[in-house]
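Values in this document were obtained by computation on a predicted structure and should not be read as measured data. Each chain gets a letter, A, B and so on, in the order the sequences are listed, and its residues count up from 1.
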Amino acid sequence: MAKKEKDFVKEITPMEEDFSRWYTDVILKNELVDYSPVKGFMVIRPYGYALWEKIQSYADEKFKATGHKNMYFPLLIPESLLNKEKEHVEGFAPEVAWVTQGGNQVLAERLVIRPTSETIICYMYKKWLSSYRELPYLYNQWCSVVRWEKTTRPFLRTSEFLWQEGHTLHETEEEAQTETLKMLDIYRQVAEDLMAMPVVIGQKSEKEKFAGAHATYTMEALMHDGQALQAGTSHNLGQHFTKAFDIKFQGRTGKEEYPYHTSWGISTRLIGGLIMVHSDNRGLVLPPKMAPTQVVIIPIAQKKEGVLEKANELFDKIKAKGIRVELDDSTDNSPGWKFNQYEMKGYPIRIEIGPRDIENNQAVSVRRDKLEKEIISLDNIEETLSEMLDTMQKDLFEKAKAHRDAHTYVVKDYEQYKKDLPTKPGFAKMMWCGCRECEDKLKEETG
RNA sequence: CGGGGUGUAGCGAAGCUUGGUAUCGCGCUUGGUUCGGGACCAAGAGGCCGAAGGUUCAAAUCCUUUCACUCCGGCCA
């Protein structure tokens, strides 16, 4: 069996053998990304970009539904703006890219390519804000940012990445806190509802919080290999930036006040998480809600009379139901080749339809996560498929959740924890007094 | 930024130790037969061996430098 398995998936390194290579193989063979001539910068190819578009449209709809609007701010930020918030510049300065020349002219002031846009957005907010009546400011932008990373991995850590960054201003501290948690919850929905990726929600320690934040909240997902992935963050920035940038408004009492500020972001890293949570040694496994194509129809012996006609009929029926469906009637490759190809690409459901099926008013369906052939009737096939897709979406979430729970441990004894750590990958729940000293000690002693 | 690995046709590899002008599989092109788990036959196209310099009559092979990718660590979305 093991040998047979290997023959089928000869192009993908099994994850048990080398998890990192498996991941790289899956994304390269599926043509999600490719390396560009610039170190650390990746090209996102159509199939990979389609996944990002799914995340974008889902999240964007939620943002709009909660009153946010999109804007666009410039790519370049003057050095002096970056320098205004002390912790912020210390956090980001080591990894920014600089523009020092325009055409043949050396610039009087260096410009940074945005690593994140708090500073330039605050600069503009100062210009615009004057009264409490204008608050809250609820804005978001979809863009890319650049952080000069030393080592990179497609989707997980690249020098340029696509993301959205929301930047809001509020009259009160409570409102800002509510906003921070509200957006974190939308991120949880993106992960859990759309991507079937269970996450743990939490607050970052003082040490790990965003550079310049008052408090940082995060969601983390557990990968197949037992490692956690930071999948999205929401920051309550307090008045750190609004004071540094002197953003003021006239409050209800007539006095000048500084607004409270939040920012929050998710990025193309989520795609890396998606792959590492669901996929297997045959390639991608996509939850139906994420899949650019949900059902692929593969006709068998398609030159035989009636096969293609029936396949097309099915296609129309399924499409009319609102399911994203494809019909592969190409003759270049055998059905067996197609089976493997679409399994690698992670299409949730495959339908086989051949002369024998047509005779019996049936089709063969195979769910990508189960890989078992199942006979389904052609009557109401679109209903059957619709239900299968819903079930699969739920099953994938439950499966990932079971994996997470099986790898979550309660730690009561610190010494025991240190012993267990190398052999028990996953989440560890433990009590912590909250001080920096203990955190440093933990990190030093356990990595 | 530290430590390891790899660069030979679109992809995966052999050749390097012991120098003699590049080989195999997949893919690709053309034609034909096929089609229920990666089909078969025939005929083709495609590479100055990551880059630069050196040694030599002669370099994929030896020497020096450099670049890229990749993995493991420290930091992040």
TODO: Decide if the gap between the ring center of A:Y125 and the ring center of A:Y137 is smaller than 6.0 angstrom.
DONE: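 Ring centroids of A:Y125 and A:Y137 are less than 6.0 Å from each other.
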
- [ ] Please check if the distance between the ring centroids of A:F92 and A:F210 is under 6.0 Å.
- [x]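 Between A:F210 and A:F92, which both carry aromatic rings, the centre distance is below 6.0 Å.
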
TODO: Pull out every residue in residues 285-305 of chain A that has a heavy atom closer than 4.0 Å to any atom of RNA chain B, ordered by number, or say none.
DONE: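 Correct list: A:I300, A:A301, A:K303.
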
Open item on the list: Below 4.0 angstrom, which residues in residues 355-366 of chain A have at least one non-hydrogen atom near RNA chain B?
Closed with: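 Within this stretch, A:P355, A:R356, A:D357, A:V364 sit under 4.0 Å of the strand.
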
Check every strand shown and say whether [X] touches a base, only sugar-phosphate, or nothing at a heavy-atom separation below 4.0 Å.
X: A:G40; value: sugar-phosphate
X: A:G265; value: nothing
X: A:S263; value: nothing
X: A:E343; value: base
X: A:T116; value: nothing
X: A:F161; value: base
X: A:Q230; value: sugar-phosphate

TODO: Answer yes if the side chains of A:Y260 and A:E179 hold a donor-acceptor pair under 3.5 Å, and no otherwise.
DONE: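 A:Y260 vs A:E179: no donor-acceptor pair found between side chains.
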
Spacing between [X] atom [atom1] and [N] atom [atom2], to the nearest angstrom:
X: A:E160; N: B:A77; atom1: CD; atom2: C1'; value: 14 Å
X: A:I27; N: B:U70; atom1: CD1; atom2: P; value: 9 Å
X: A:R157; N: B:C71; atom1: CZ; atom2: P; value: 9 Å
X: A:D34; N: B:C69; atom1: CG; atom2: P; value: 12 Å
X: A:E374; N: B:G36; atom1: CD; atom2: P; value: 22 Å
X: A:W148; N: B:G74; atom1: CH2; atom2: C1'; value: 20 Å
X: A:R153; N: B:U70; atom1: CZ; atom2: C1'; value: 10 Å
X: A:I376; N: B:G36; atom1: CD1; atom2: P; value: 20 Å

Task: Side-chain touch A:W142/A:L162, heavy atoms, less than 4.5 angstrom - done: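 The answer is no; the side chains never approach within 4.5 Å.
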
TODO: Please measure how far the P atom in B:G5 lies from the corresponding atom in B:G46, and state the result in whole Å.
DONE: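 37 Å, rounded to whole Å.
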
- [ ] Provide the distance between the two C1' atoms, one in B:C69 and one in B:C63, to the nearest whole Å.
- [x]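 Looking at atom C1' only, B:C69 and B:C63 are 24 Å apart.
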
At less than 4.0 Å, is any side-chain N or O atom of [X] found next to OP1 or OP2 of [N]? Yes or no.
X: A:T24; N: B:C71; value: yes
X: A:S334; N: B:C35; value: no
X: A:R350; N: B:G37; value: no
X: A:T268; N: B:A77; value: no
X: A:Y35; N: B:U70; value: yes

- [ ] I would like to know whether A:H407 and A:F427 meet ring pair (Phe, Tyr, Trp, His ring centres under 6.0 Å); could you show each step before the answer?
- [x] CA-CA 6 Å; A:H407 291 82; A:F427 286 119; 9.8 Å; no

Task: Secondary-structure string, 5' to 3', Watson-Crick or G-U under 3.5 Å, | for another-strand partners, for RNA chain B - done: ((((((((.[[[[.)....(..]]]].((((((.....)))))).....[[[[[..)....]]]]])))))))....

